[in-house]
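Data first, discussion second: the structure below is written as structure tokens.
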Number of protein chains: 2
Amino acid sequence: MAIDSSSTNDGSKGKTSRPAGPSGSAAAPGGRRARRVRMTGAERREQLLDIGRTLFAERGYEGTSVEEIAAKAGVSKPVVYEHFGGKEGLYAVVVDREMRQLLDMVTGALTAGHPRELLEQAAFALLDYIETFTDGFRILVRDSPVAQSTGTFASLISDIATQVEDILGLEFKARGFDPKLAPLYAQALVGMVALTGQWWVDARKPKKAEVAAHLVNLAWHGLGNLEPKPRLIGHRKN
Amino acid sequence: MAIDSSSTNDGSKGKTSRPAGPSGSAAAPGGRRARRVRMTGAERREQLLDIGRTLFAERGYEGTSVEEIAAKAGVSKPVVYEHFGGKEGLYAVVVDREMRQLLDMVTGALTAGHPRELLEQAAFALLDYIETFTDGFRILVRDSPVAQSTGTFASLISDIATQVEDILGLEFKARGFDPKLAPLYAQALVGMVALTGQWWVDARKPKKAEVAAHLVNLAWHGLGNLEPKPRLIGHRKN
DNA sequence: ACCGTAACCTACGGTCTCGTAAGTATGGCA
DNA sequence: TGCCATACTTACGAGACCGTAGGTTACGGT
């Protein structure tokens, strides 16, 4: 029960999140015969989180063993227990960080005024998250230890959908539509973007910005009035 | 390696798929002291598939044990091994049937002419599947034993999306759009419907037909031109 | 040079689960 | 009635995994 949630910020500063230290099996001696690595507590902790994220992403929670994580970190099991109190503890921290990250990015994007712009920003934000933190996205999509309830993708999606809901609700009222339908439309929009993102993770064919543009095209104009060559309003480079 | 795929038809004839026999823990003596049930081979097989589907749906593949399935059927483990050669065998048959069922329903719906009608039919078909075979849908959404690759929800979604793709591709060509974009739009549409369905499984607030109508509304007219009170073209009752 | 503390290890207990070997009951049919 | 295939059981081996007890090594300050 010593799950440590500690710092809320991610702490990763590398490009994709990899810290500086070796996260391989520690069997490759670098230059100076650095026998055992003996990291500092925080370093090891970050490394374990990193490896855990990767493994959970590709094998799921139940398919990943603590020993595997430890082994990949070049360390023995008790180290993991020291840091996170157990498998669930580690998983909890990984998921928590990932949810925070995603929510921050998406919420941060939901500030503009015009709904179409909102949509555009949000879609781009999600794609951006998926591109930058692919493993995290895979984990969030997978199942959690205790099955559904809190912490699932569904609940996360709902969190996001709820925000979209509020915005849509206002817009619906202003336009004279039934605001009770906002949840449905919010869910549909989020689902559209989320699953397209899931598809785009594997087949990264059109560029991120282009995908976002087309999503907005579909969501805003509908199949009946698609624009042949949609462009994003906000011009970005990355 | 004695996985038995046997008959391709479902074989279930009851309303929701429950066979006649008792699928509880077999501890409740009916009227005449029916000590042990001693079903026929096929009956037991169906019962095991049924129980397996339920358990896999609520606990996932790895979270479900063969003993649990056997116990719930009022039978011992080797019976399961006799029928399906192992846990994966049973799971495979369950998933296979479920995918067939869903694909049949959706594919069957993708025959009409006008794309808008297609969309409507397909959306309704998926919702119908979800309502009728909720457990199956839950299984398909969850993860598979060997992680991704074939058999995942993603791959199933892709199967469906591919069909939508073809249809969209033709339509795009006819309208002068780039048919290379068909996959993207197909994915977005399927995702929209699928995730809305996933949401609707829990909060069944608007009726199925109404949900379908709104989905079509969004997908066809877009947020910019929503109709206040969308109605389905084909009028159905169930 | 010493010593305390933080980082880390080996070894093991206990539990769970898959899968199998070998034996028992049961119901229909000659 | 007696046979025999089919349905089903008990019992167990083997392995994986979680989590912990208790001991060991190296680093940093003094």
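The chains referred to below are lettered A, B, ... by the order of the sequence lines, with proteins before strands, and numbering in each begins at 1. Just so it is clear, the structure is predicted and the values come from calculations on it, not from any experiment.
- Across the protein-nucleic acid pair, B:E88 atom CD and C:dC18 atom P stand 11 Å apart, rounded to whole Å.
- Taking every heavy atom of both residues into account, B:A125 and B:M105 meet most closely at CB-O, 3.7 Å.
- In this structure, A:S76 reaches the bases: a heavy-atom distance under 4.0 Å links it to at least one base atom across the strands shown.
- For D:dG19, its base never sits under 3.5 Å from the side chain of A:K87 at any donor and acceptor pair.
- Nearest to the side chain of B:Y81, among C:dT20, C:dC8, D:dC8, sits C:dT20.
- Between the CD atom of B:E62 and the C1' atom of C:dC18 there is a distance of 13 Å, rounded to whole Å.
- Nearest to the side chain of A:R38, among C:dA7, C:dC18, D:dA7, sits C:dA7.
- Note: CD (A:E67) to C1' (D:dG15) measures 12 Å, nearest angstrom.
- We find that NE2 of B:H83 is positioned 7 Å from P of D:dA7, with the value rounded to whole Å.
- Considering only the side chain of B:K77, C:dG19 comes nearest among C:dG19, D:dG19, C:dA7.
- Of the candidates C:dC9, C:dC18, D:dT25, the closest approach to any side-chain atom of A:V75 belongs to C:dC9.
- The heavy-atom pair separating B:D202 from B:R138 by the smallest distance is OD1-NH2, 3.0 Å.
- Residue whose closest nucleotide on DNA chain D sits further toward the 5' end, between B:P78 and B:G41: B:G41.
- Rounded to whole Å, the distance from CG on A:L55 to P on D:dC17 is 12 Å.
- Residue A:L48 contributes atom CG, which lies 12 Å from atom C1' of C:dA7 at whole-angstrom precision.
- When all heavy atoms of A:L168 and A:A182 are compared, the pair lying nearest together is CD1-O, 4.0 Å.
- With hydrogens and angles ignored, the 3.5 Å screen pairs a side-chain donor or acceptor of B:K87 with a backbone N or O of B:Y61.
- Put simply, CG on A:L110 and CD1 on A:I167 are 4.5 Å apart, with the number rounded to the nearest 0.5 Å.
- The phosphate of C:dC8 (OP1 or OP2) has a side-chain N or O of A:R44 nearer than 4.0 angstrom.
- Atom-to-atom, CD1 of B:I69 to C1' of C:dC16 comes out at 15 Å; the value is rounded to the nearest Å.
- Distance B:L90 CG to C:dC18 P: 11 Å, rounded to the nearest Å.
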